[in-house]
Every structure is written in C-alpha cells, then in structure tokens.
There are 2 protein chains.
Amino acid sequence: MVQDTVTLRLRLLFGDRLVFGPGKGELLSRIAETGSIAAAGRAMGMSYRRAWALVEEMNAAFRAPLVLSVRGGAGGGGAALSPEGRDVLAAYRALLATIEAAAAPEVARIADLLSDMSERK
Amino acid sequence: MVQDTVTLRLRLLFGDRLVFGPGKGELLSRIAETGSIAAAGRAMGMSYRRAWALVEEMNAAFRAPLVLSVRGGAGGGGAALSPEGRDVLAAYRALLATIEAAAAPEVARIADLLSDMSERK
DNA sequence: CGGCAATATGTTCTGCCAGACATAACGAGG
DNA sequence: CCTCGTTATGTCTGGCAGAACATATTGCCG
C-alpha cells in the first residue's frame with residue numbers, strides 16, 4: 001500500500017447554497033454526544049460563535065430545526081438533535097459509507113498514480 | 001420535486017493534503033479540450049496564475065506530471081494531458097458517476113427534509 | 001438570591017488567500 | 001529579427017471568513 005489514509009470529503013449543495021458537508025456533519029454528531037453546542041464546538045476546536053452560526057444555518061435551511069436548544073436551567077442549558085436532525089445525520093453517514101464502498105476501485109486507481117507518500121513529512 | 005438542482009462535490013484527500021477536487025477536475029478537462037492552461041483558466045473565469053498553480057500542484061503530487069506543457073513555438077506554446085493525466089481524469093469522472101448513482105436514495109432522504117426552496121431567491 | 005454554565009447575538013480585529021498587476025523567457029513563423 | 005501568445009514566476013493588495021472580545025439572558029440549584 002503506497003499511501004496511508006485516503007479520505008473522501010463530500011459536500012451537498014442544493015441550488016447553489018451549501019447545505020451540508022463534513023463540518024456540519026461532525027458538529028451534529030458532537031452535539032448528539034455531548035448535549036451541548038459549546039462542548040461540541042470546543043471538541044472540534046471551533047469557537048462557540050461559529051458553531052452556533054452553523055446550527056442556525058442548518059435550522060433555517062431545513063423544514064424543521066435539526067438542533068433543539070434550551071437555555072438556563074441545570075448546567076446552564078443544552079442542546080440535542082431533533083428527530084429530523086437524527087435523520088439527516090443518519091442519512092449523511094449512510095451516504096458516506098455507501099460512497100466509500102462504491103468508490104473504492106476508482107480511488108485505488110488514482111492512488112496508484114500518486115507519488116509515494118511514505119517519503120513525505 | 002421540491003428543490004431544483006442537487007449537486008455533490010467530492011474531494012479526495014490522501015494523508016491530509018488535498019489532491020483532487022472539482023476545480024482540478026474541470027481544469028484538467030478544459031486543458032484537454034483547449035490545449036492551453038491559459039485558455040482553460042479563461043474558460044472557467046480563473047486567473048492564469050491560479051490555473052498554473054493548480055497544475056503545478058498536481059504535477060508535484062503525482063508520480064508523473066498530469067499536464068505536459070511547452071512554451072514558445074507555434075501559438076506561443078501549449079499544454080496537454082499526459083497519459084497519467086487522462087487516467088486520473090477518467091477515474092475521477094467515473095467516480096462521480098458511480099457516486100451519484102449510489103447516493104441517490106440518501107440524497108432524496110435529505111432533500112425531503114429541506115424547506116421548500118421554490119420560495120427562496 | 002446569587003452563582004454558574006450554557007444559549008444567543010452584536011462588534012471589532014486579523015490572517016490569509018485569491019485575484020490583480022508586472023515581467024521574463026521561449027520559440028515558431030512571417 | 002521582430003512579433004505574438006503562451007508558459008513561468010515574483011510581488012502587492014483588498015476582501016472576507018473566522019477568531020477574539022464583549023454582553024445580555026435564562027433558569028436550576030445550593
């Protein structure tokens with residue numbers, strides 16, 4: 001095997017506006033596991049400001065908000081995925097899996113033509 | 001159908017360096033059809049500077065240069081795809097086709113959850 | 001009731017990358 | 001031998017996305 005890791009980054013555009021990509025995917029995922037926009041942002045080295053902006057953008061783009069948030073209360077508040085949020089995340093993950101499987105042969109073809117990466121830092 | 005156009009943008013990363021994406025794909029394609037880096041750049045509203053930089057990057061990343069260029073001579077010079085260049089382009093196009101087919105159901109799932117875009121400018 | 005941690009949102013600062021501009025070298029052909 | 005269009009490469013600059021900073025608000029819990 002010539003190269004260490006091959007990753008596919010997939011972005012979905014509807015019309016000409018970007019709706020979903022790796023960043024929002026991971027953000028959604030981290031919100032689900034941490035129950036907090038702030039914690040999710042911290043986990044990916046992203047300012048809360050930006051994390052929140054992405055959430056806002058998603059909530060506006062979809063028919064129903066993907067992230068539900070409450071403020072005040074125990075622990076200051078929190079956030080969680082709505083059913084739609086879980087749906088979108090699941091669909092996106094499935095998409096990646098499907099694509100990675102389907103793409104394997106062509107990816108290998110391209111990888112074979114790459115210069116050897118073992119001698120790169 | 002709720003939304004007009006759905007497009008998938010796919011980027012390939014090997015290790016952590018980006019190697020190939022939509023921009024380089026189209027550039028390669030246009031170089032093949034125009035026989036010139038400058039013309040290819042113009043065709044996609046890209047400065048020659050940038051087009052050339054992308055070519056340089058690709059040529060460096062792959063085992064053999066994807067684009068062969070000559071300067072001076074009839075018409076000032078020109079560029080063409082090397083066999084490896086044609087291979088990579090063909091593989092990338094095949095990749096896109098494969099993926100678009102495989103992705104259709106999940107994309108539809110996500111699209112269904114989008115807010116209606118017919119009432120957006 | 002006051003502290004805490006998170007959501008929510010405005011304002012300002014900044015690093016960096018894309019594009020603009022400049023210039024050299026090149027080589028066939030008139 | 002001069003023109004022309006292209007490759008090749010350096011430098012400068014403006015815009016803007018994202019970070020940094022600032023503040024208000026909310027509601028449980030000790």
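Bear in mind that the values here come from a model prediction, so they are computed numbers and not experimental data. Below, read A as the first sequence line, B as the second, and so on, with proteins coming before strands; counting in each chain starts at 1. Basis for what follows: all heavy atoms, side chains included, without hydrogens, waters or symmetry-related copies.
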What does the B/S/- profile of nucleotides 24-30 of chain C look like, 5' to 3', with a 4.0 Å heavy-atom cutoff to protein?
-BBBS--
Under a 4.0 Å heavy-atom criterion, the protein footprint on nucleotides 17-23 of chain C, written with B, S and -, is -SS----
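Put simply, chain B comes within 4.0 Å of DNA chain D, heavy atom to any atom, from D:dG5 to D:dT11, going 5' to 3'.
Under the side-chain contact (heavy atoms from CB on, under 4.5 Å) criterion, A:R9 pairs with A:P22, B:R11, B:L13, sequence neighbours left out. When the side chain to side chain donor-acceptor pair (under 3.5 Å) test is applied to B:S82, the partners found at least two apart in sequence or on another chain are B:E84. The side-chain contact (heavy atoms from CB on, under 4.5 Å) search around B:T34 returns B:S36, B:A39, B:A40, not counting sequence neighbours. Legend: residues meeting side chain to side chain donor-acceptor pair (under 3.5 Å) with B:E26, ordered by chain and number and at least two apart, are B:R30. Scored by the side chain to side chain donor-acceptor pair (under 3.5 Å) test, A:E57 finds A:K24 as partners (sequence neighbours excluded).
The side-chain heavy atoms of A:F14 and B:I110, taken from C-beta on, include a pair separated by under 4.5 Å. Side-chain contact between B:F20 and B:L28 is present, with at least one heavy-atom pair separated by less than 4.5 Å.
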Donor-acceptor pairs under 3.5 Å, side chain of residues 86-93 of chain A to any protein atom, not counting sequence neighbours: which ones?
from, atom 1, to, atom 2, distance (Å)
A:R86, NH1, A:L81, O, 3.2
A:Y92, OH, A:L10, O, 3.0
A:R93, NH2, A:S29, OG, 2.9

All N/O donor-acceptor pairs, side-chain side in residues 96-103 of chain B, below 3.5 Å, sequence neighbours left out:
from, atom 1, to, atom 2, distance (Å)
B:T98, OG1, A:E106, OE2, 3.4
B:T98, OG1, B:A94, O, 2.8

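For C:dA5, the OP1/OP2 oxygens have no side-chain nitrogen or oxygen of A:S36 closer than 4.0 Å. A:W52 has a side-chain polar atom (N or O) that falls below the 4.0 Å cut-off from OP1 or OP2 of C:dA8.
Per the geometry, CZ belonging to A:R42 stands 10 Å off P belonging to C:dA5, to the nearest Å.
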Passes side chain to side chain contact (heavy atoms under 4.5 Å, CB included), B:R63 versus A:L113? Steps please.
CA-CA 6 Å; B:R63 181 162 307 196; A:L113 292 169; 5.6 Å; no
